[in-house]
Amino acid sequence: MSWQENFLEKELFWQKKWEENKIFKTEVKLDKKKFYCLVMFPYPSGKIHMGHVRNYVIGDVIASYWRMKGYNVFHPIGWDAFGLPAENAAIKHNVHPEKWTKNNIQNMRDQLKRLGISYNWDVEITTCEPSYYKWNQWFFIKMFERGLVYKKKALVNWCPKCQTVLANEQAQQGVCWRCDNIVEQKELDQWFIKITEYAEKLLDGHKFLENNWPPEVLTMQKNWIGKSEGAEIKFAVRDSDFNEIVVFTTRADTLFGATFIAVAPEHDFSKLVAKNNFKVAEYLNKILKKPLNERKLAKEKTGIFSGFYGINPINNEAIPIYIADYVLMEYGTGAIMCVPAHDQRDFEFAKTHNITIREVIKPLSGTTTLPEAAYELDGIMVNSDRFSGLSSYEGRIKIIEYLESKNLGRKKIYYKLKDWLISRQRYWGTPIPIIYCEKCGILTVKEEDLPVMLPQNVHITGTGESPLKYIEEWVNTKCHKCGGNAKRETDTMDTFVDSSWYYARYCDSKNDKEPFDVNITNYWLPVDQYIGGIEHACMHLIYSRFWHKFMYDLGLVKTEEPFLKLLTQGMVTLGGVAMSKSRGNIVEPDEIISKYGADTTRLFILFAAPPQKQLEWSDKGVEGCWRFINRVDRLVEKFLEVKNKKQLDTEQQEYEKEKKYLLSEYNKLLKGIILDIEKEYQFNTAIAKTMEITNLLYSYKYFGDEVSEKVLKELVVILSLFTPHLSEELWYKLGEKFSVRKTNFPEYNEDLIIEDKIEIPIEINGKLKSKILVDKDLPEEDLKRIILKDTKILQALQNKKILKWVIIKNKLVNIVLE
RNA sequence: GCCGAAGUGGUGGAAUUGGCAGACACGCUGGUCUCAAAAACCAGUUCCCGUUUUAACCGGGAGUGAGGGUUCGACUCCCUCCUUCGGCACCA
């Protein structure tokens, strides 16, 4: 029966067979090379979308390829199951978040299975299970013990729609990562993880990733961590109770050019001034009322003179102190020294406030941009007393040295990266294992009391307070130290905690004694290939790198980085824009699968674009893939028909020639396929080559002979990467044993790629004029003789003098005429 | 503004180290099969001009965002610029 007659039943049949035979189950085999292929696990939102399908199909091809290459491949899947949508659903449909989540998982698991992906389902993880989140709590306690978590009252990002706080990474560009609402600032007492302590290590670790991660991801992370080296410099404040203002600068070499100081409106100095200065108070009032987001977007820089002067420590000059809205309290010290000649923002501010602009850096060569604009580049110091004449680079070192010797300043590095705020005022997350004792204060829950279970009976309101607060029997507890009354922390953890170490848990997912057995993780980790969306560049991919480094410091992992190679797959678009529910441009995987089957869907997704690039959905393209699949199916049918028939009488010589040609072309293509896959996962071109092999077999005169049988079978094996169900079926039809997915990937034979005759393009002055067929490795003189007999070349040459022959052996000839 | 990625037929996309631009598909055109359609199969398909009764064939020219450069030879390397997408954005 042909594929198109009952492909849906066949796909289900083979899926069941793979599952029953547990052919993708893996275990530690120390004598075997391992390959850990990981895809970013999904949030169980209800159903899978094309983005998931793309992600997981790419992952499956990679896993299958290395498995067939003889590696012990670990390819797990699970569910990032905590999160806000479950609570929203709870409010909307009056269903418990757990029930909603687990229903979704069940649905999506079926959908994933319908794609025929080679997962090891035995190690499946669901992060909302106590058996998993227990270890989140355990890690939290380990961090607490090492001083890496702390509670702090601070201005934090608040999403009014999600009714919870957000980490800095989750409020990029001032909007909520989940709902795109503009975030507000709120002062709250919250738990933070000291990720900043690892800022340098996170930057440093990039050296392990440089050639194996997309450069844009590394740059995004680098920018996000935002390291800047410079100095803190103390400016004494004249005639004020506020003794000194500390500024941060990366340009200590411009210190002589500082003609004013600017401090942020939120700075304590500003607040102090406002007490006795009505105008300043009025200004602060106006500025602080505006949301930070709006303030950052404002083009105009405003400010007001504080009435005080600061003393420049390098030359004792008194310079005015301004309060200005372009100075951010959240970065550096919240105060800056301003050098209008060499900083464009200071320049603009100085212009509007009539402040002196003093040039202290001259360009090494070329001209300065002054007086039209600030000259911001490095150069030679001028007007800088005994430092004049030094380069900016030397000057920075010398000036900082001087300030340090006088205790007027010090070397300092600042990062843009902020500590990770992990408290969430929500129910559906990991309870933070902290109790507040009336006598003993803040304590972590004892390890043996873990997990702190999430209570079942909860009323979810979405009001911005943790629903756990109202479950008295849960909140009220006893102090394990003094036995007195204590209350539990009611905030839950950011769900990014769950995904920060799941890749390690997969290795030993059922362990109830420890997060994982290092004997197992030491074999599987690090992840060899990670596949997912680029949107996680500065969230999940920073958090989990941090977590891994923490586990490294605990001695739980041996490598410094968790993910050796990263592939960020492009978006799936329709009409040029990402598929989204709100835009209504969605193609449902289920619909496509029930119409064309999983294999066609997989094939199209892999063929339409290289994995890294955006993929535009095309129904016509899908049909093309459907046609190809059936064409392969018919090819096998045709083979089985002609196989046992006696070959027509043929001339032996002719047959040998055809056979050689087939093998040569096939081996060339196979070599290309291996290169396409191993080099850059170029599945689109690899598939194109399988199409060429198919075309080759269709046009092979002696189809049905042994050679074509070998090529055909290998084609089926290659295709099992992309269309596993079809391949399994054809493999069976060809009389081979289950399972094609456990066979070895074919290897090409360089010796069979033979070309005794080569077509050489002949160019004249770089323009193609003719082509000739000659023997391989023909001596140059013979080659020239043949070329000079070619009519087209003779015609082009006509009386013209040949200046030069450029002969690239076996490749090309270019004749240069005068 | 800064950083990153990318610009190739009607479309998606190919082109090891600089060496035949457009692989493989989609679409379109024509044909075979059929009462007809679908499917399948075969042929053609970068653009412009010319030769030609039309077509085939042949000949000439242009062509990888634009303009320069290096080179016997440039989609590929260098410089200047434009456009699109993505990230960061008063970070001192």
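Sequence lines set the chain letters: A, B, ... in the order given, protein chains first and strands last, and positions in each chain run from 1. What's counted below: heavy atoms across the whole structure, side chains too, no hydrogens, waters or symmetry copies.
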Distance check, [atom1] atoms only: [N] and [M], in whole angstrom units.
{"N": "B:C20", "M": "B:G31", "atom1": "C1'", "result": "31 Å"}
{"N": "B:C2", "M": "B:U8", "atom1": "P", "result": "25 Å"}
{"N": "B:C26", "M": "B:G9", "atom1": "C1'", "result": "13 Å"}
{"N": "B:C88", "M": "B:G69", "atom1": "P", "result": "41 Å"}
{"N": "B:C81", "M": "B:G87", "atom1": "P", "result": "25 Å"}
{"N": "B:C82", "M": "B:G73", "atom1": "P", "result": "29 Å"}
{"N": "B:A55", "M": "B:U45", "atom1": "C1'", "result": "15 Å"}
{"N": "B:U76", "M": "B:G7", "atom1": "C1'", "result": "14 Å"}

Once ring-ring contact (aromatic ring centres under 6.0 Å, His included) is applied, do any residues pair with [X], and if so which ones, sequence neighbours excluded?
{"X": "A:Tyr326", "result": "A:Phe349"}
{"X": "A:His540", "result": "A:Tyr530, A:His536"}
{"X": "A:Trp177", "result": "A:Phe496"}

To the nearest angstrom, how far is [X] atom [atom1] from [N] atom [atom2]?
{"X": "A:Ile764", "N": "B:G19", "atom1": "CD1", "atom2": "C1'", "result": "16 Å"}
{"X": "A:Ile807", "N": "B:G73", "atom1": "CD1", "atom2": "C1'", "result": "14 Å"}
{"X": "A:Leu603", "N": "B:C24", "atom1": "CG", "atom2": "P", "result": "16 Å"}
{"X": "A:Gln344", "N": "B:C2", "atom1": "CD", "atom2": "P", "result": "12 Å"}
{"X": "A:Lys769", "N": "B:G59", "atom1": "NZ", "atom2": "P", "result": "10 Å"}
{"X": "A:Glu665", "N": "B:C24", "atom1": "CD", "atom2": "P", "result": "12 Å"}

Close N/O contacts between protein and nucleotides 16-18 of chain B (under 3.5 Å):
residue	atom	partner	partner atom	Å
B:U17	O4	A:Lys811	NZ	2.9

Any side-chain N or O of [X] below 4.0 angstrom from OP1/OP2 of [N]?
{"X": "A:Asn695", "N": "B:A25", "answer": "yes"}
{"X": "A:Lys767", "N": "B:A62", "answer": "yes"}
{"X": "A:Thr685", "N": "B:G13", "answer": "no"}
{"X": "A:Asn684", "N": "B:A14", "answer": "yes"}

State plainly whether the residues [X] and [Y] are in salt-bridge range, i.e. N to O under 4.0 Å.
{"X": "A:Lys227", "Y": "A:Glu200", "result": "yes"}
{"X": "A:Lys689", "Y": "A:Asp676", "result": "yes"}
{"X": "A:Asp378", "Y": "A:Arg396", "result": "yes"}
{"X": "A:Arg251", "Y": "A:Glu376", "result": "no"}
{"X": "A:Lys638", "Y": "A:Glu641", "result": "no"}

Mind running a 4.0 Å heavy-atom check of residues 619-633 of chain A against RNA chain B and sending the residues that fall below it, in number order? A:Lys620, A:Gly624, A:Arg627, A:Arg631

Tell me which residues in residues 252-261 of chain A lie within less than 4.0 Å of RNA chain B, going by non-hydrogen atoms. none

Taking only the side-chain heavy atoms of A:Ala688 (C-beta and beyond), determine which of B:A92, B:A23, B:A14 contains the nearest atom. B:A23

Minimum-distance nucleotide to A:Arg634 side chain [options: B:A40, B:A25, B:C90]: B:A40

How is [X] classified with respect to the nucleic acid when contacts are heavy atoms under 4.0 Å: base, sugar-phosphate, or nothing?
{"X": "A:Tyr415", "result": "nothing"}
{"X": "A:Glu616", "result": "nothing"}
{"X": "A:Lys222", "result": "nothing"}
{"X": "A:Pro214", "result": "nothing"}
{"X": "A:Val327", "result": "base"}
{"X": "A:Thr250", "result": "sugar-phosphate"}

Would you tabulate the nitrogen or oxygen pairs shorter than 3.5 Å linking the protein to nucleotides 68-72 of chain B?
residue	atom	partner	partner atom	Å
B:C72	O2'	A:Asn814	ND2	3.2
B:C72	O2	A:Asn814	ND2	2.6

Between [X] and [Y], is the ring centroid distance below 6.0 Å?
{"X": "A:Phe604", "Y": "A:Trp617", "answer": "yes"}
{"X": "A:Tyr700", "Y": "A:Tyr698", "answer": "no"}
{"X": "A:Trp224", "Y": "A:Tyr415", "answer": "no"}

Side-chain polar contacts of residues 330-338 of chain A - donor-acceptor pairs under 3.5 angstrom, sequence neighbours left out - could you list them?
residue	atom	partner	partner atom	Å
A:Glu330	OE2	A:Lys296	NZ	3.0
A:Tyr331	OH	A:Ser228	OG	2.6
A:Thr333	OG1	A:Val246	O	2.7
A:Thr333	OG1	A:Ala335	N	3.4
A:Thr333	OG1	A:Ala335	O	3.2

Just distance, no hydrogens or angles: give the donor-acceptor pairs under 3.5 Å from side chains in residues 759-773 of chain A, sequence neighbours left out.
residue	atom	partner	partner atom	Å
A:Asn765	OD1	A:Leu817	N	2.9
A:Ser770	OG	A:Asp790	OD1	3.2
A:Ser770	OG	A:Asp790	OD2	3.3

Please find the pair of heavy atoms, one from A:Pro265 and one from A:Ile287, that lie closest to each other, and give the distance. CG-CG2, 3.8 Å

Can you find a side-chain donor-acceptor pair between [X] and [Y] that sits under 3.5 Å?
{"X": "A:Arg178", "Y": "A:Gln170", "value": "no"}
{"X": "A:Tyr414", "Y": "A:Glu229", "value": "no"}
{"X": "A:His342", "Y": "A:Arg358", "value": "no"}

Just wondering, more than 12 heavy atoms not from A:Leu218 lying within 6.0 Å of its CG? yes

On RNA chain B, does the nearest nucleotide to A:Glu692 precede the nearest nucleotide to A:Tyr698 from the 5' side, or the other way round? Give the residue. A:Glu692

Residue mapping more 5' on RNA chain B - nearest nucleotide basis, A:Pro610 or A:Val217: A:Val217

Are any protein N/O atoms closer than 3.5 Å to N/O atoms in nucleotides 84-88 of chain B? If there are, list each pair with its distance.
residue	atom	partner	partner atom	Å
B:C88	OP1	A:Gln172	OE1	2.0
B:C88	OP2	A:Gln173	OE1	3.1

Would you find a donor on one side and an acceptor on the other, under 3.5 Å apart, between the side chain of A:Asn585 and the backbone of A:Val577? yes

Polar-atom pairs under 3.5 Å, protein N or O versus N or O of nucleotides 78-80 of chain B: list them with distances, or write none.
none

According to the Watson-Crick and G-U wobble definition with distances under 3.5 Å, which dot-bracket string, read 5' to 3', encodes RNA chain B, using [ ] for crossing pairs and | for pairs with another strand? (((((((..(((......[....)))((((((.......))))))(((((.......)))))..(((((..]....))))))))))))....

